[in-house]
Asker: 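Quick one: the structure is below, questions incoming.
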Amino acid sequence: MKKCINLLMIVLLAVLAGACGGKNDAVLKAQIESGKKHCPMNLGMAGKLTSMSYDDKTREVEFVITLNKQMTDVNELKADPENAKEMMRLALSKGNMKKLVDMMVDADASLKVTYKNRGSKDDFSIQFPAEEIKNISENPMSEEDTNKLLLSTQLKSEKKKLPYSIDRGLKVTGIEDNGSSLVYVCEVDEDLYDMPDMEKSKAELKENMGKMLKDRSMRQQAEVLASLKKGFEYRYVGKSSGNTVTVAFTPDELADIAATGGHKRR
């Protein structure tokens with residue numbers, strides 16, 4: 001599993017981590033002017049925060065983000081604008097981003113975020129009028145809605161990559177939420193692997209997978225699933241025989257991994 005990356009959250013939490021509340025247009029303008037000093041800001045694999053601005057005549061805040069196409073493509077955002085906007089609404093509902101939203105409400109300001117592909121003219125913008133900003137401030141997303149959105153977005157992102165190889169003779173061919181678990185289906189080349197041997201080694205497979213779940217990003221995904229009372233399954237399917245070997249984690253096991261980094265609570 002891969003943790004879904006919300007570029008807006010990465011950018012603005014980094015830039016506005018020191019934001020403080022204000023009661024007027026001048027405070028918002030000063031905060032944006034302060035943030036400009038960090039531009040362009042390197043976001044690693046995600047790309048760069050190219051610019052930020054505030055037009056006090058139109059009362060619009062604008063952020064321009066140049067994407068790394070290997071990570072996210074503008075055309076992917078264009079293909080699902082509603083999901084892109086929901087992810088942005090999520091970012092605006094959390095932590096220090098909520099402080100920025102409160103500043104914008106005080107200034108009766110709107111927000112525009114423009115994404116661009118590096119080295120091309122492709123771009124995509126998402127806009128939130130002032131009334132939507134106010135609505136976000138007054139009705140932040142609940143934890144359950146947040147986790148449902150994160151899981152849904154991850155599924156859409158992962159399905160676009162199918163099929164993909166994870167090792168020689170092992171290929172992920174399907175991903176689904178069956179209601180009780182997030183299930184990854186892995187096709188097994190039986191010229192290289194013996195399904196009965198995999199069945200006998202299922203405990204070892206689960207132990208190894210448990211070690212991977214200790215990774216920080218994986219623990220965060222485990223927390224999302226556990227909060228939604230969902231488990232996680234990796235279903236190995238023999239390419240020739242159709243025989244299956246399933247490695248499964250219950251919601252309680254995922255909660256333990258998320259809380260303790262894979263070490264059982266006492």
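Both backbone and side-chain heavy atoms feed into the values below; hydrogens, waters and symmetry mates do not.
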Asker: Less than 3.5 Å apart, any donor N or O on the side chain of Tyr164 or Glu158 sitting next to an acceptor on the other?
Answerer: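 Per modelled atom types, Tyr164 and Glu158 side chains form a pair under 3.5 Å.
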Asker: Going by distance alone, is a donor N or O of one side chain under 3.5 Å from an acceptor N or O of the other, for Asn178 and Ser181?
Answerer: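 Per modelled atom types, Asn178 and Ser181 side chains form no pair under 3.5 Å.
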Asker: Tell me if the CD atom of Glu82 is crowded by more than 12 foreign heavy atoms within 6.0 Å.
Answerer: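 12 or below, so no.
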Asker: Hey, mind stepping through Tyr54 and Arg59 against side chain to side chain contact (heavy atoms under 4.5 Å, CB included) and telling me if it holds?
Answerer: CA-CA 7 Å; Tyr54 175 59; Arg59 294 184 180 272; 3.7 Å; yes
Asker: Can you say whether the rings of Phe232 and Tyr184 are parallel (under 30°), tilted (30 to 60°) or perpendicular (over 60°)?
Answerer: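 Answer is perpendicular, since the angle exceeds 60°.
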Asker: Tell me whether Lys78 contacts the main-chain N or O of Asp123 through its side chain, where contact means a donor paired with an acceptor under 3.5 Å.
Answerer: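 The answer is yes, because a donor-acceptor pair under 3.5 Å joins these two groups.
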Asker: Using modelled atom types and a 3.5 Å cut-off, is there a donor and acceptor pairing between side-chain atoms of Ser201 and backbone atoms of Asp197?
Answerer: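 Judged by distance alone, yes, a pair lies under 3.5 Å.
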Asker: Suppose we screen for ring-ring contact (aromatic ring centres under 6.0 Å, His included). Which residues come up paired with Phe124, at least two apart in sequence or across chains?
Answerer: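 None.
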Asker: Report all side-chain donor-acceptor pairs from residues 224-231 shorter than 3.5 Å, counting only partners two or more places apart or in another chain.
Answerer:
unit_1	atom_1	unit_2	atom_2	d
Ser227	OG	Asn147	ND2	2.7
Ser227	OG	Glu223	O	3.4
Ser227	OG	Val224	O	2.7
Lys230	NZ	Asp177	OD1	3.1
Lys230	NZ	Asp177	OD2	3.2
Lys230	NZ	Gly179	O	2.9

Asker: Can you check whether Thr173's main-chain N or O pairs, donor with acceptor, with Glu187's side chain at less than 3.5 Å?
Answerer: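 Not confirmed, Glu187 side chain does not pair with Thr173 backbone.
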Asker: Output all residues satisfying side chain to side chain donor-acceptor pair (under 3.5 Å) with Asn243, sequence neighbours left out; order by chain, then residue number.
Answerer: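 Expected list: Ser241.
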Asker: Can you tell me which residue among Lys85, Arg89, Gln127 is in a side-chain hydrogen bond (donor to acceptor under 3.5 Å, both in side chains) with Glu132?
Answerer: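 Of all the options given, the one that passes is Lys85.
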Asker: Counting neighbours of NZ on Lys206 that are heavy atoms of other residues, nucleotides or ligands and sit closer than 6.0 Å, is the number greater than 12?
Answerer: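 Yes, enclosed.
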Asker: Between the main-chain N or O of Ser53 and the side-chain N or O of Lys36, is there a donor-acceptor pair closer than 3.5 Å?
Answerer: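 No; zero donor-acceptor contacts below 3.5 Å.
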Asker: Any donor and acceptor pair, going by atom type alone, linking the side chain of Ser34 with main-chain N or O of Ala30 inside 3.5 Å?
Answerer: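 The answer is no, because no donor-acceptor pair under 3.5 Å joins these two groups.
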Asker: Are Glu199 and Lys202 close enough, and set up right, to give a salt bridge (charged side-chain N to carboxylate O under 4.0 Å, His left out), and what steps lead you there?
Answerer: CA-CA 5 Å; Glu199 179 66 38; Lys202 191 159 66 172; 3.5 Å; yes
